[in-house]
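So the structure is just underneath, and the comments pick up after that.
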There are 2 protein chains.
Amino acid sequence: MSNKRVFLFPEGNAQMRDLLGGKGANLAEMCNIGLPVPPGFTITTEVCNSYYADGGKLPTGLEEEMKAAIGTLEANLGKKFGDPNDPLLVSVRSGAKFSMPGMMDTILNLGLNGTALQGLIAGSGNERFAYDAFRRFISMFGDVVLDVSKEKFERLLTAMKKEKGAQLDTDLTAADLKALCGQFLALVSSETGRVFPEDPWEQLRLAVEAVFRSWQNERAIVYRRTEKIPDEIGTAVNVQAMVFGNLGDDCGTGVAFTRDPSTGENVLYGEYLMNAQGEDVVAGTRTPVPISELEKASPAVYNEFVEIGRRLEGHYLDMMDLEFTIEKGRLFMLQCRVGKRTGPAAVRMAVEMVEEGLIERETAIQRVTASHLDQLLHPRIDDVYIEDRHIQPVATGLAASPGAAVGKAVFDADTAEKLGSTGRKVILVREETNPDDVHGMLAAQGILTARGGKTSHAAVVARGFGIPCVAGCEELQVDVHDKCFHAGPVTVREGDWITVDGTTGAVYNIEVSLIPPDVSGTFGTLMSWCDGYRKLHVRANADNPRDAQQAIEFGAEGIGLCRTEHMFFEPDRLPIVRDMILAKNEGLREAALAKLEGVQMRDFEQIFETMEGLPVTIRLIDPPLHEFLPNFDDLLAQVTELRLASQMTEGKALKAILQEKEELLRAVESMREANPMMGLRGVRLSVIFPGIVEMQTRAILGAACKLAKGGRKVHPEIMIPLVGHVNELRVVQDRLESVAHAVMEEAGVTVPYLFGTMIEIPRAALTAGEIAEYAQFFSFGTNDLTQMTFGFSRDDAEGKFLRDYVEMKILPVNPFETIDRNGVGALMQTAVQDGRTARPNLKCGICGEHGGDPDSIQFCHELGLDYVSCSPFRVPIARLSAAQAVLREKVSVVLDK
Amino acid sequence: MSNKRVFLFPEGNAQMRDLLGGKGANLAEMCNIGLPVPPGFTITTEVCNSYYADGGKLPTGLEEEMKAAIGTLEANLGKKFGDPNDPLLVSVRSGAKFSMPGMMDTILNLGLNGTALQGLIAGSGNERFAYDAFRRFISMFGDVVLDVSKEKFERLLTAMKKEKGAQLDTDLTAADLKALCGQFLALVSSETGRVFPEDPWEQLRLAVEAVFRSWQNERAIVYRRTEKIPDEIGTAVNVQAMVFGNLGDDCGTGVAFTRDPSTGENVLYGEYLMNAQGEDVVAGTRTPVPISELEKASPAVYNEFVEIGRRLEGHYLDMMDLEFTIEKGRLFMLQCRVGKRTGPAAVRMAVEMVEEGLIERETAIQRVTASHLDQLLHPRIDDVYIEDRHIQPVATGLAASPGAAVGKAVFDADTAEKLGSTGRKVILVREETNPDDVHGMLAAQGILTARGGKTSHAAVVARGFGIPCVAGCEELQVDVHDKCFHAGPVTVREGDWITVDGTTGAVYNIEVSLIPPDVSGTFGTLMSWCDGYRKLHVRANADNPRDAQQAIEFGAEGIGLCRTEHMFFEPDRLPIVRDMILAKNEGLREAALAKLEGVQMRDFEQIFETMEGLPVTIRLIDPPLHEFLPNFDDLLAQVTELRLASQMTEGKALKAILQEKEELLRAVESMREANPMMGLRGVRLSVIFPGIVEMQTRAILGAACKLAKGGRKVHPEIMIPLVGHVNELRVVQDRLESVAHAVMEEAGVTVPYLFGTMIEIPRAALTAGEIAEYAQFFSFGTNDLTQMTFGFSRDDAEGKFLRDYVEMKILPVNPFETIDRNGVGALMQTAVQDGRTARPNLKCGICGEHGGDPDSIQFCHELGLDYVSCSPFRVPIARLSAAQAVLREKVSVVLDK
């Protein structure tokens, strides 16, 4: 800990945010560049940490430093702490490195007591103002420091207003407020058993401690967790001489942004209230007016403010969020910070600031975040609409597929399809979905399920088709029979409007206003700048021509993952797939395979056409076959019922149904697995039942040859999943190579193609050198690789313990969202190194969901992968993140020098 | 390929087994040390490989080399191939590097044809003998070379015997045999459409080709797979001048071992037949007499044979298996090889040969195998009993817990307990077992299940309690309702005798004779020699005092894995465990935990007492909690039935039962997991629900303190399973450390204890350096580590594809039996290295089932682990394997010099 604990504003600067917090550092900076800032000082974040380390004690010596700093303020302003004539009053505010608006506590007007009050009356010549300031101070101090509930003060105020027939606080007279101050002081005594502290120094010490304590209050902790702000950085405390916006009609207070934070337009944006203190603007008792009105009311002050805004933007090179107070016609700056902004605003400002010559392209790229872009790319909830109406979600589930959707609740796929196909907007609500629901899911605006994780059927299908989805919303009780769901006291019936937000997981039982995606001109400009920097190629995961088209539009340079089995799940194919699996003899099986071959070939043709000239990685069948069959539990219940029924009644039809269901049950049972994630799937299936992948290879090469004959360019990359031992790959690849040759020979044309494998089993990464002898490319399947490396079944872990793990900081982040560098990342690094040693031109990419996560993309860049692949809607984010990774590297190279 | 393809016996030696096969090399060796061997030559294994490489063609030049060799034989013996006066006849036999008795083909008396036959009659003066030789040759050659079914020749022989009223072959006259030869030749012509080849050279060429072909016959392939003999080494062919044991009563043939191969006793052991050819001894048509009879019948020959046996044992330094023929009073040696032996014999001979000064201790240790010891340690099927009666198993399942058991089949646990407790021998037969069956399993001699793998409930419990078990015997259809099972056409009902062999997986529907385990004096001597060499310590996996006692008796130096949850499964505890899991409030849960604490504390006290002074590693609870609850499917069926029933009848009792079952179903359902292997278990359970492990730690330290106060020494090592991230360990270990301190403080005594972790998650191995900052020991849980590293769920993989993988050679061995060095082994190596870098005195052991596998123990030795831990019955095997690992290292050091 450094020796200096207290910094007068002129002693700091904007770079000292770690020590002085954001607010303190920026106050110092404004002070140093000559802006009008009331004098004050900052107690460092280190004091906060020492306060906690010592079990809630301020360090010795701090009080002396504070006294010296107050002494400087007194000398500056010619006022004295507790002075009976013209007392110095101060504000005491928190201020951490990162802005946490409203999360911690603030005390205004500190220094007031019986004596100083008289001084304030004398100094201001305004008795009403002085009592107003005193009652505010007593209630704030009472609430924050002495733990007297804020509501109790409010109740006394309300009673007084009622007694006096006052509408607004401002309707109360000096006498009313004086009486109220008396009541407030009595309340404090009766609640705390002690007299309200009169000594300003005691007030200051207690207030500083209270601000430190507020760092660990419930809402601050939750906020930090959400915003990923570390707990151990602590807060600073800013003590500043009070200026008053409520001394009369030549006074006022307000907040403003140097540009419009919601659109990015280059105009001063904000609002203010005359004759008010800051809290009045926030409290909403009076309606603030737009900042533009100030130009008419006080043109000089307005122009000074505009000029200050311009100077600050030029100084900070960014859009600024400002707080100001006007005291008797004099402008004071109370705070400045880089302003928060919406996604569209972030992109527009970044691009326009480059065009204005304010910043470089590199800065612009680094200033836009993934979540900014995400807002642009999906319809989103209109936050203003929600806030204005104080709308709360009725339930919150997993954010399973991004974007918001509005529609009427329906509870079965057939109804969803029937209404959806006639243009009606519906949200399909299910306990959980299964392959039989897909036709209804495709017809819905959004999907809501009560069970299942982010890799549940609903989530995977929804993301695949770009449909917003909230999954695993466990608060819901779905009653399919009565076509309704309950969420706490709320019941939603078929036909009721609901809104689901797949970006946050929120569910509303009303029709919420949405903002459509906005891919405006500046978006394209920013993307093209990104493409100029990035080294990683960006591909998309696309399972059908529609997604492929979307991917192209978002700038994908190929398909990194085309999941052939998603085609199997489509409603017209599923019956054929089931026939194939349950076929009683080879003839029937081959007939079903032949039908599928035709269907798949047409799919591939269309995808190849869409992606012409770009590589298309097609993954051969991956999931266990039982995923294509009806659910075991449902069948078991049906068979049990049918058995009982057939014991009680005679009937051939019933017996026949029973027999059929029993047969199906036996088939499903024989394929059941204790741990299907680690069972008969992927390449294992292809080793044991080669028929399916041979069919798929014929369909892929057949489609490719057909297009090649028509003069089109096709680059299929055939990917064999779940390889753990080189011999699995060898056996299957050898077999499929001969299928490929046969198809090309028959077609009389050759197409360039590759065979490769996913690296998603730890053993594959550990033996990548052997595997690269066969595989021509690696694609990291980091979903499964994370599952196996941690031994976490994602479906089970996310619901049962992963959230707790992140909350308890056992894991820094959810490893299914961001690649775990130490474990999974170590395996990836081994695999890239050993793979490229064995085959120097080995193409390496990633196609797990991490391919769309910025931190993971950064890691992929560091690993030297050739490409990342993600869902079409994440492609722009990947382009951005890949460019940012290059720029970060540049920075660290500069720092290393 | 070397140029020389044919080696006369004097040109070879015993070291040339790769090239000449075992038989050829040993014939050469016997020849060189001056023993009476009929002259002959060997065609090399390289010729066999070239034969296959060329698509079934003998190399050019071979025929010339064979002719030259035959020429040498002719010169030696003064006979000529095909000679009408005294023809040279030869045998043509296979002979691979490793003995494959009876698997490939042999032809005797080759060289006979119409002309040579007359020569043989003339030379032997015995017409009957000559026709007998000819009919044997025709049928052998017909069968082996010309593919005429052996049965057809047999049928003609039987018809002839019937026609002539002959009991034995020897009752047929020369005329009968002559007629039979005619019939045989006619049969060959009619079956093959060609004349029986008369030219001896053509006979020889065809015979050599046939022997090569027999290398790839079905039974040879299967045998090699079972015995792990490589397919690519090929067989040699031995061509040797015939000598005849069937020329009269001064002739004979026999086989003998220099020591008793079943007990190891140092006596000549074998049998012979006078006036017979080798095949008659094997065929069983006449009963051979013990070799000791030869001493009376022909003392000179007997003494010469004894002397030869003594010389060969001295020369080969091992017990030898000999074949001999006596032709007109002259002894000829036809084969010698190191003799196969039972486990008890192997141990006794190894130790006695050291005592006789024949071999060194190191040789003795290397000569005994794990499966030899395994035979000593469990009751085993009496192979002679099986073979004599031609008994076949009715079904074969997985060898899930070693040893054989005999008892009456019972189909439910209660009956098993009822009968078992009155001393009746029962085998419990179930579709699969669950925790409700444990009381019946404990009362049974053996367990047989139709479903489940080697880690199924049945297998794990059986191994834990040392009960023989055959699991996953899918051929069985178990009908619990009718109390019977079907295996193909066989039906076994309750009360029928059956035998299960948990060492091989065989199931017999009769009472088979068993051989009890034999831990005789030489076993102890051998073990003590092993202990003098090995560096690895050997501990046992033991879950209860009985196993701990067994472990001590077998020489364990501690317990490496005590699975606390196995205690939970015992019938008196399971209801308490269920109460704990399903408790509706904290009070009830704590009451159940308190009951369990008392029970566990008594368990630990007894185990610590038994293991006094030795380390005891106790693993805290590992399985997911739903394993302790009833089966979901059963409950679902019950509830479905009850619902229907309650719809049809009124009845409060029924409704109450339904409600209770529904509640249980919901509880079980809420704990169900998609992939329980990777779900909420191990340390994850302890992070989320710390109550159970806190209770367990109190019980462990409580027991330890109690004993310590009584002056006993205890060394508990508390092991936290399934750690994947150091923070999981930190959180749980910190909590349990304070529990431990509290217990010791209360008891007023301290005991030495360690906290450590299993390394069974790939990420744990990859981040072992971090984990070793907390863990004081590592124990490799290679079962789970193999599952996660391969992404194989053992329960699913072993039944669905792992056997195919091994058969298809995708995997060299089942990685759950022998550690996969490249993948799992690489992780282990990383973990040991990084762990010991972080904590130099880190104790490292293994407690997965690999801890009892010889190849894996070898690997653990190479890794430098401190100990292996295995089931008590594998402890002697581990002691042996650990010593062998040291000796192998010595050999390779010598070779490196």
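All chains are named by letter (A, B, ...) in the order of the sequence lines, taking the proteins before the strands, and each is independently numbered beginning at 1.
- Contact annotation for residues 723-735 of chain A against chain B (heavy-atom separation below 4.5 Å, listed by residue number): A:H725, A:N727, A:E728, A:V731.
- Interface summary for chain A: among B:V687, B:D804, B:D633, B:L766, the most heavy-atom pairs under 4.5 angstrom belong to B:D633.
- Contacts of A:D820 with chain B are made by side-chain atoms alone, with heavy-atom separations under 4.5 Å and no backbone atom involved.
- In this structure, the portion of A:S670 lying under 4.5 Å from any heavy atom of chain B is its backbone and not its side chain.
- With a threshold of 4.5 angstrom between heavy atoms, A:L636 approaches chain B through side-chain atoms but not through N, CA, C or O.
- Partner of A:R763 under the side-chain contact (heavy atoms from CB on, under 4.5 Å) criterion, chosen from B:V824, B:L827, B:T789: B:T789.
- Remark: B:L685 CG to A:K800 NZ distance equals 10.5 Å, nearest 0.5 Å.
- The choice from A:A674, A:A765, A:G679, A:G682 that makes the most heavy-atom pairs within less than 4.5 Å of chain B is A:A674.
- Contact count against chain B (heavy-atom pairs under 4.5 Å) is highest for A:G791 among A:A637, A:G791, A:A826.
- A:I688 touches chain B through its side chain: at least one heavy atom from C-beta onward sits under 4.5 Å away, while N, CA, C and O do not.
- Rounded to the nearest 0.5 angstrom, A:F632 CZ and B:F632 CZ are separated by 9.5 Å.
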Between A:R684 and B:F792, is a side-chain contact (heavy atoms from CB on, under 4.5 Å) present by the stated rule, with each step listed?
-> CA-CA 10 Å; A:R684 301 163 195 174; B:F792 286 170; 3.5 Å; yes
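- A distance of 8.0 Å separates CG in B:N675 from CE in A:M678, rounded to the nearest 0.5 Å.
- Atoms OG and CE, from B:S793 and A:M677 in turn, are 11.5 Å apart once rounded to the nearest 0.5 Å.
- Looking at A:A797, there are no atoms closer than 4.5 Å to chain B (heavy atoms on both sides), in backbone or side chain.
- In plain terms, the two heavy atoms of B:E641 and A:T640 that are nearest each other are CG-CG2, 3.4 Å.
- Only the side chain of B:L644 comes within less than 4.5 Å of a heavy atom of chain A; its backbone N, CA, C and O stay farther away.
- With no hydrogens or angles considered, a side-chain donor-acceptor pair links A:E770 and B:N822 at under 3.5 Å.
- Heavy-atom distances place no part of A:E474 under 4.5 Å from chain B, backbone and side chain included.
- In this structure, chain B has a heavy atom under 4.5 Å from the side chain of A:R451, while its backbone stays farther away.
- Ranked by non-hydrogen atom pairs under 4.5 Å with chain A, the options B:I761, B:T767, B:V639 are led by B:I761.
- Heavy atoms of A:R672 lying under 4.5 Å from chain B belong to its backbone as well as its side chain.
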